[in-house]
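Every heavy atom of this structure was used, including side-chain atoms; hydrogens, water molecules and symmetry mates were not. None of these values were measured; they are calculated from a predicted model.
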Amino acid sequence: QVQLVESGGGSVQAGGSLRLSCAASGYTYSIYCMGWFRQAPGKEREGIAGIYTGGGTTNYADSVKGRFTISQDNGKNTLYLQMNSLKPEDTAMYYCAAARNPSACRWLLLSDFAYWGQGTQVTVSS
């Protein structure tokens, strides 16, 4: 089992920045990909960023590319999401997720991720 706990959400004005963290514990050696997902009210949960835990290769959804950066600190078993130039449409609940499937980072599909955090709210006002 792998446990994930997110932190760092909050409220910010458009154009501002936030950094989310996700602390992982448990059998983290079995994880090949870590990802960030978000779900806005009335919308489906979508994958926005992923990172291969071994090599650090990243993948981003077009909606956040160039504004968000995913990174990891393997020594601390912590995943990060640096969010810059935030927009009101970035308002959502943000979730950290972990996958044992090596190809999970390529497509960022919900079904590929076995472990999920409880989520942290991000609200961007105009």
Side-chain angles (χ1 to χ4, degrees):
Q1 288 292 332
V2 174
Q3 294 79 42
L4 304 171
V5 179
E6 302 98 333
S7 61
S11 297
V12 65
Q13 288 191 329
S17 299
L18 281 174
R19 188 176 82 156
L20 306 183
S21 299
C22 172
S25 61
Y27 293 101
T28 57
Y29 64 86
S30 65
I31 301 303
Y32 286 91
C33 170
M34 296 287 293
W36 286 99
F37 291 73
R38 68 184 182 185
Q39 187 167 18
K43 295 188 177 181
E44 294 185 352
R45 193 173 299 188
E46 62 171 343
I48 57 171
I51 186 168
Y52 288 94
T53 57
T57 301
T58 58
N59 184 29
Y60 296 93
D62 288 343
S63 58
V64 305
K65 197 173 294 182
R67 299 188 299 123
F68 291 9
T69 303
I70 187 172
S71 62
Q72 60 186 357
D73 185 333
N74 288 336
K76 296 182 179 179
N77 281 342
T78 302
L79 180 73
Y80 302 99
L81 185 68
Q82 178 66 44
M83 304 185 295
N84 298 329
S85 302
L86 283 161
K87 305 175 182 180
E89 51 263 44
D90 294 319
T91 295
M93 186 71 78
Y94 283 71
Y95 298 90
C96 167
R100 294 175 293 182
N101 181 349
S103 65
C105 273
R106 181 175 182 184
W107 305 111
L108 298 176
L109 300 177
L110 274 69
S111 57
D112 284 337
F113 288 79
Y115 305 102
W116 293 83
Q118 81 289 350
T120 185
Q121 178 68 38
V122 171
T123 302
V124 184
S125 58
S126 57

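Under the 4.5 Å side-chain criterion, counting only non-hydrogen atoms from C-beta, I48 is in contact with L81. Two residues are said to be in side-chain contact when any heavy atoms from C-beta on lie closer than 4.5 Å; F37 and E44 fail this criterion. Residues L20 and E6 are not in side-chain contact: their nearest non-hydrogen atoms beyond the backbone lie 4.5 Å or more apart. A heavy-atom distance below 4.5 Å is not found between the side chains of C22 and Y80.
Ring pair Y95/W116 is perpendicular by interplanar angle, where above 60° counts as perpendicular and below 30° as parallel.
Here K87 pairs with nothing under the side-chain hydrogen bond (donor to acceptor under 3.5 Å, both in side chains) rule; sequence neighbours left out.
Atom CD of residue Q118 and atom CG of residue L4 lie 9.0 Å apart, to the nearest 0.5 angstrom. To the nearest 0.5 Å, the span separating CD1 on I70 from CD1 on I51 amounts to 5.5 Å. Atom OG of residue S25 and atom CD of residue Q1 lie 10.5 Å apart, to the nearest 0.5 angstrom.
Between D90 and R38, at least one side-chain N (NZ, or NE/NH1/NH2) sits under 4.0 Å from a carboxylate O, which counts as a salt bridge.
Atom NZ of K65 is surrounded by more than 12 heavy atoms from other residues, nucleotides or ligands within 6.0 Å. Within 6.0 Å of atom OH in Y52, more than 12 heavy atoms from other residues, nucleotides or ligands are found, so the atom counts as buried in its surroundings.
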Enumerate, atom names and distances included, each donor-acceptor pair closer than 3.5 Å involving a side-chain atom of residues 119-126, sequence neighbours excluded.
| from | atom 1 | to | atom 2 | distance (Å) |
| --- | --- | --- | --- | --- |
| T120 | OG1 | G9 | N | 3.2 |
| Q121 | NE2 | A92 | O | 3.4 |
| Q121 | NE2 | T123 | OG1 | 3.4 |

